[in-house]
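Worksheet for the structure shown next.
Since we're looking at a predicted model, the values are computed, not measured. What's counted below: heavy atoms across the whole structure, side chains too, no hydrogens, waters or symmetry copies. Heads up: numbering here begins at 1 and tracks the sequence.
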Amino acid sequence: YARDELQPIHEACRSDSRSVVKFLVEHGVSVHAEEGSHPIADEDVSDNDQEGWQPLHVCCRKGFLTLSKWLYAEGAIIASAERPDPVKLACKGGHLDCIMWLHMRGAALDKHE
């Protein structure tokens with residue numbers, strides 16, 4: 001997939017565009033929208049497989065805590081056996097504030113695959 005084929009809400013999350021994310025959600029875009037299996041072209045994201053990533057995953061990987069909190073308030077799910085682990089994504093990015101926030105909401109810190 002080319003970068004311009006990413007879902008708009010994921011693009012908005014990648015750049016911490018809270019007003020755009022809010023607008024999209026207010027107009028029917030789901031906070032549970034998933035990306036397919038393809039790389040997000042970004043020099044600071046080394047993950048090659050974002051299949052199942054929802055907007056919250058993008059925010060945790062990038063360290064955007066305020067937007068993560070907003071998505072959570074809108075119904076985004078933190079822990080799910082079927083989806084990537086947002087704690088692991090936040091750890092990859094070195095985002096301690098996101099890790100602590102996720103843990104305070106019940107995310108496991110010692111998850112084994």
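Val31 and Pro55 make their closest contact through O-CD, 3.2 Å (heavy atoms, listed as atom of the first residue, atom of the second, distance). Taking all atoms of both residues into account, the shortest heavy-atom contact from Leu71 to Cys13 is CD1-SG, 4.2 Å. Between Gln7 and Glu34, the shortest heavy-atom distance links the atoms NE2-O, 2.6 Å. Closest of all the heavy-atom pairs between Ala76 and His32 is CA-CE1, 4.0 Å. Closest non-hydrogen pair, Ala90 versus Cys98, comes out as CB-CB, 4.0 Å. Contact detail for Pro86 and Ile78: the closest heavy-atom pair is CG-O, 3.2 Å.
A continuous path of ILVMFWY side-chain contacts below 4.5 Å connects Leu109 to Trp101, so both sit in one hydrophobic cluster.
Taking CG from Leu102 and CG from Leu56, the interatomic distance works out to 6.5 Å, rounded to the nearest 0.5 Å. How far NZ of Lys22 is from OG of Ser17: 14.5 Å, rounded to the nearest 0.5 Å. With rounding to the nearest 0.5 angstrom, the OG atom of Ser30 is 7.0 Å from the CD atom of Gln54. Taking SG from Cys60 and CG from Asp85, the interatomic distance works out to 9.5 Å, rounded to the nearest 0.5 Å. Rounded to the nearest 0.5 angstrom, Lys62 NZ and Lys92 NZ are separated by 14.0 Å. One finds the CD atom of Glu26 at 10.5 Å from the OG atom of Ser19 (value rounded to the nearest 0.5 Å).
Within the 4.5 Å cutoff, no side-chain heavy atoms of Val29 are placed close to those of Val21.
Judged by distance alone, the side chain of His10 and the main-chain N or O of Ala33 form a donor-acceptor pair under 3.5 Å.
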